[in-house]
Amino acid sequence: MNNAAVDYINEKTNNFKPVTGIILGSGLGEFADEYEGIKIPYGDIPGFAPSKVVGHKGLLCFAEVAGKPVVMMQGRFHFYEGHSMQTVTYPIKVMKKLGVQNLIVTNAAGLVHTDFAPGDLMLIADHINMMGTNPLIGANDDDLGPRFPDQSDVYTKTLRAKAKEVGKKLGIDLKEGVYCAMTGPTYETPAEVKMQRSLGADAVGMSTVPEAIIANWCGINVLGISCLTNYACGILDQPLSHAEVTETANRIKEDFKKLLYELVKEV
Ligand code: HPA
């Protein structure tokens, strides 16, 4: 990878050195609005594509959060938008080159079973990649990571342990489970959700796994948090809507923002 994005960002931010990266998922982008800093539209950064999803702003935000230098993605690139896996994960490689050591990746996800409820927050313990592809397909960039990366601890255990402590302190009952990634943009069929349940998934969504794979590959610790916005298709006898997803994300956003702030402080 060339240095054009990193050079451009360094010039814009006067060599700001973030230690933590945050990807703000659907309906969760408001967190970044609360911090003064430097905000760069994705479309201005070499190698980034403009973000097109409604409700996703498409800004790379640099700010001090809880006294720590942080880079936040307000909106992400989704595979279902037609972006290549390279485009989807490029920001993570740029974060690595900027010096990021920890990545907090968030998303909205559907619940595959009824042990948890809409409105719960779930730490991602592991994932099942059902996107039918992998962001590391192609020539390997040996400068960033190995050809055959281990994935036994993609969602770093030590960060999860810290997150649980933070959750306890804040009185937020964090769940923990397996996230299954589909390409979207369709929601799943009832049969697909049944399959995911039988495979051991707890939540399903259309993001996160590509970014987590790349972060793990290039040595960034990952903490994944799903905002469980709805029961996945077929669990209730009713159709799903994007409105339901954003409504639930909106409902829990104050808890989510508090949690994120404390996590940045602790990791
Ligand atoms: N399925 C896939 N992605 C999602 C869902 C869902 O039910 N809810 C939020 N994102």
Side-chain angles (χ1 to χ4, degrees), residues 18-25 28 31 65-66 68-73 76 89 91-93 95-96 98-109 111-113 115-116 120-131 134-136 144-181 196-197 199-205 207-228 252 255-267:
V19 292
T20 297
I22 305 175
I23 304 177
L24 297 163
L28 307 170
F31 182 78
V65 175
K68 296 247 178 103
V70 167
V71 53
M72 292 173 273
M73 289 183 73
R76 55 150 60 83
T89 56
I92 311 305
K93 297 177 192 171
M95 284 187 194
K96 174 70 183 178
L98 290 171
V100 164
Q101 294 163 20
N102 301 303
L103 177 68
I104 303 174
V105 50
T106 70
N107 60 47
L111 267 161
V112 166
H113 57 62
D115 295 357
F116 307 153
D120 281 345
L121 292 168
M122 184 189 90
L123 295 175
I124 303 176
D126 203 350
H127 71 230
I128 299 172
N129 179 11
M130 283 204 166
M131 295 183 114
N134 189 298
L136 286 169
L144 284 175
R147 172 76 290 188
F148 299 110
D150 170 58
Q151 289 203 117
S152 56
D153 194 26
V154 175
Y155 303 90
T156 318
K157 276 196 198 76
T158 49
L159 291 190
R160 264 186 288 144
K162 275 191 192 162
K164 284 176 203 170
E165 279 172 27
V166 168
K168 262 199 200 118
K169 193 170 90 182
L170 295 176
I172 297 172
D173 178 24
L174 289 177
K175 311 295 184 193
E176 187 168 27
V178 173
Y179 176 90
C180 180
Q196 288 162 347
R197 196 161 50 239
L199 292 177
D202 298 288
V204 57
S207 67
T208 301
V209 163
E211 296 108 314
I213 288 175
I214 293 298
N216 173 66
W217 165 70
C218 68
I220 298 176
N221 297 316
V222 181
L223 183 67
I225 305 170
S226 288
C227 170
L228 304 172
I252 61 96
D255 263 5
F256 175 80
K257 285 192 281 190
K258 257 195 286 177
L259 177 69
L260 216 45
Y261 178 87
E262 286 297 320
L263 287 173
V264 170
K265 203 159 128 190
E266 296 298 326
V267 301

Would the number of heavy atoms belonging to other residues, nucleotides or ligands and lying under 6.0 Å from NZ of K164 be above 12?
-> yes
Quick one: are I225 and L263 in side-chain contact, heavy atoms under 4.5 Å?
-> yes
Is there a donor-acceptor pair closer than 3.5 Å between any side-chain N or O of E211 and the backbone N or O of T208?
-> yes
Could you state the interatomic distance from OG1 (T20) to CE (M72), rounded to the nearest 0.5 Å?
-> 10.5 Å
Is there side-chain contact between I92 and I23, with at least one heavy-atom pair below 4.5 Å?
-> yes
Stepwise side-chain contact (heavy atoms from CB on, under 4.5 Å) check, V178 with I128 | CA-CA 7 Å; V178 173; I128 299 172; 3.9 Å; yes
Interatomic spacing from CG in L228 to CG in D120 - rounded to 0.5 Å = 6.0 Å
Are L260 and L24 side-chain neighbours, meaning at least one heavy-atom pair lies under 4.5 Å?
-> yes
Point-to-point distance, once rounded to the nearest 0.5 Å, from CG of L199 to CZ of R197 = 11.0 Å
Check G21 against V100 and note the closest heavy-atom contact, atom names and distance.
-> N-CG1, 3.6 Å
Are the side chain of K162 and the backbone of V267 linked by a donor-acceptor contact shorter than 3.5 Å?
-> no
Atom of F31, atom of Y261 and distance for their closest heavy-atom approach | CE1-N, 3.8 Å
What closest approach, in Å, do L103 and A215 show between heavy atoms, and which atom pair accounts for it?
-> CD2-CB, 3.9 Å
Taking every non-hydrogen atom, the tightest pair across Y179 and S226 = CD1-OG, 3.5 Å
Answer yes or no: is there a side-chain heavy-atom contact under 4.5 Å between L136 and I214?
-> yes
V166 side chain near L170 side chain, heavy-atom distance below 4.5 Å | yes
Closest heavy-atom pair, Q196 versus C180, reported as atoms and distance to 0.1 Å, is NE2-SG, 3.7 Å
Charged N to carboxylate O under 4.0 angstrom, E262 versus K265?
-> yes
Quick one: which of I124, L174, L123 gives a side chain to side chain contact (heavy atoms under 4.5 Å, CB included) with R160?
-> L123
What are the two closest heavy atoms between F256 and L121, and how far apart are they?
-> CD1-CD2, 4.2 Å
Evaluate the side-chain proximity of C227 to T106: yes if any heavy-atom separation is below 4.5 Å, no if none is.
-> no
Taken to the nearest 0.5 Å, the spacing of L159 CG from E266 CD works out to 11.5 Å
Distance-only donor-acceptor pairs under 3.5 Å for side chains of residues 150-157, two or more places apart:
from	atom 1	to	atom 2	distance (Å)
D150	OD1	S152	N	3.3
D150	OD1	S152	OG	3.2
D150	OD2	S152	N	3.3
D150	OD2	S152	OG	2.6
D153	OD1	K157	N	3.1
Y155	OH	H127	ND1	2.8
T156	OG1	V222	N	3.0
T156	OG1	V222	O	3.4

Answer whether the closest heavy-atom distance between the side chains of K175 and D202 falls below 4.5 Å.
-> no
Would a 4.5 Å heavy-atom cut-off, applied to side chains only, mark R76 and N107 as touching?
-> yes
Under the criterion side chain to side chain contact (heavy atoms under 4.5 Å, CB included), which of M95, K96, K93 is the partner of C218?
-> K96
